[in-house]
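First comes the structure, then the notes that go with it.
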Amino acid sequence: MASSTTYFPNVKQITFEGPKSDNPMAFKYYDANRKIAGKTLREHLKFAVCYWHSFCGVGADPFGSGTLLHKWDQASHAMDRAKARLDAAFEFFTKLGTPYYCFHDRDLAPEGGTVVESEKNLSTMVDLAKRMQQSTGVKLLWGTANLFSHPRYMNGGATNPDMRVVAHAAAQVHAAIASTVELGGTSYVFWGGREGYNSLLNTDMKRELDNLAQFLCLARDYGRKIGFKGDFLIEPKPMEPSKHQYDFDAATTIGFLRQYGLDKDFKLNIEANHATLANHTFAHELQVASDAGLLGSIDANRGDPQNGWDTDQFPTNVYDVVEAMLVILSSGGFKHGGINFDAKVRRNSTDNEDLFIGHIGAMDTFAFGLEVAANLIEAGVLTKIKAARYQSFNAGIGLEFIKGKVSLAQLRDYAADLPNFAPDSGKQELVENIVNQYLFGRTLT
Ligand code: XUL
Ligand code: CO
């Protein structure tokens, strides 16, 4: 095992220094042990660092090669690079103080020449990761299988028209679920970047959706058989790399899960930037998932308002995060899930410390968002305004309507007898101003 200062030698333990600190390498808001609404920030937020962007990404884009020359990527053998990456990752988690991490099978261990060799590589790395977890106390939030990078998945993974490729996808998921269980992960994610189509002219969409559901059933059965007690999660995204992805958004995914009877074992992992790509807000997607009782976990990041692709930037927009935390807290917080930073530094952010700075800002933003949201919920102002808007359903014909006890004709008669009335104000400016007052730091009581 490498010494704990091998990969980020200039970075010391990141600590909380408070809002007056000018130190870029310190938390201004995230004080892990501080309690809000009965729980510490660490328990509420359950931060996870993602392995892929943080330790596998090199800053390449369609117009240029990698700009981030990682010290852990220097060895000539893939397994040696994987071991160095593991050391770097755990040094990073420990110095940053994040309690969890997430990975794809191929982030942790390289693909081998055969299924057996790939499995062997993964199990070697899982053994090492387990030891690292034990020595540092860092835990696995979720694992997943990369069913999109290898050329064999160019026509899809679980939805591939070729049975042989579906079997390869199954082999990967089989090993990735077993690895997640072995490492104590509390969720297992499916993100289907290539589970979709590029042209309907060559695609049997119904067959592909049936196959996807069948594949997920098999994965669920295997996971439960080997003792996985956590949540299986689907991560909706409308497109990219596929023109159309089947898990388009939360509502589409919930419909799919219910149609195939998967909603007892599967929940949703909602990603901020995927929401904006689907023309929704992050809060909208969270609310849809929460209303269905299927909010499992989140991938925290942000897009760029001028770009139509998944820029996966670190979340710094406090307003969006307050709105998100309002939904998450109102929904009871995370059980098996948490906040995974599916975010990457820009390709021109090339200093060794930039990865820390990105995470520090994101963690501060969520800590602040949590506090503002908790204050708003505790004060109950928004809840009261919302409840007042629907009060006509609390008694009389409104209540009868909710209970299914009035007919359309009875509603017609009721309307016919009503005197003229002015519709109630929706008070949108008021609710927006209330959120801002809490952001400004004033309490209304
Ligand atoms: C891609 C994405 C993935 C998933 C895991 O947009 O978000 O990294 O989070 O496969
Ligand atoms: Co994601």
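Numbering of ligands and ligand atoms starts at 1, following listing order. Side chains included, hydrogens not; waters and symmetry mates left out as well; all remaining heavy atoms used. Computed from a predicted structure; not experimentally measured.
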Taking side-chain hydrogen bond (donor to acceptor under 3.5 Å, both in side chains) as the test, write out the residues that go with Asp249, two or more places apart.
Thr252, His280
Just to verify, what does Glu285 make a side-chain hydrogen bond (donor to acceptor under 3.5 Å, both in side chains) with, not counting sequence neighbours?
none
To the nearest 0.1 Å, how far is atom 8 (O) of ligand 1 from its closest protein heavy atom, and which atom is that?
Trp52 NE1, 3.2 Å
Protein heavy atom at shortest distance from atom 5 (C) of ligand 1
His104 NE2, 3.3 Å
Distance filter under 2.8 Å, centred on the Co ion (ligand 2) - protein N, O or S atoms that pass it:
Glu235 OE2, Glu271 OE1, Asp299 OD2, Asp342 OD2
So, does Gln245 use its side chain to make a donor-acceptor pair with the main chain of Ser242 at under 3.5 Å?
no
Answer yes when [X] and [Y] have at least one side-chain N-carboxylate O distance shorter than 4.0 Å, and no when they do not.
{"X": "Lys130", "Y": "Glu182", "answer": "yes"}
{"X": "Asp127", "Y": "Arg131", "answer": "no"}
{"X": "Asp247", "Y": "Lys237", "answer": "no"}

Decide whether an N or O pair under 3.5 Å exists between Trp191 and ligand 1.
no
Under 3.5 Å, N or O to N or O, is Thr144 touching ligand 1 that way?
no
Within the supplied structure, the quantity of interest is the number of heavy atoms (other residues, nucleotides, ligands) at a distance under 6.0 Å from Asp61 CG; does it exceed 12?
yes
For the aromatic rings, using the six-membered ring if either is Trp, is the centroid distance between [X] and [Y] under 6.0 Å?
{"X": "His359", "Y": "Phe92", "answer": "yes"}
{"X": "His70", "Y": "Phe55", "answer": "no"}
{"X": "Phe8", "Y": "Phe356", "answer": "yes"}

Numbering as shown, the atoms of ligand 1 that approach [X] to under 4.0 Å (heavy-atom distance):
{"X": "Glu235", "value": "2 (C), 3 (C), 4 (C), 7 (O), 9 (O)"}
{"X": "Lys237", "value": "6 (O)"}
{"X": "Asp299", "value": "9 (O)"}

For ligand 1, is Asp310 a contact, meaning one of its heavy atoms is under 4.0 Å away?
yes
Below 4.0 Å from any atom of ligand 1, is there a heavy atom belonging to His274?
yes
Applying salt bridge (Lys or Arg N to Asp or Glu O under 4.0 Å) to Lys46 and not counting sequence neighbours gives none
Does ligand 1 have a heavy atom under 4.0 Å from the side chain of Asp312, from its backbone, from both, or from neither?
neither
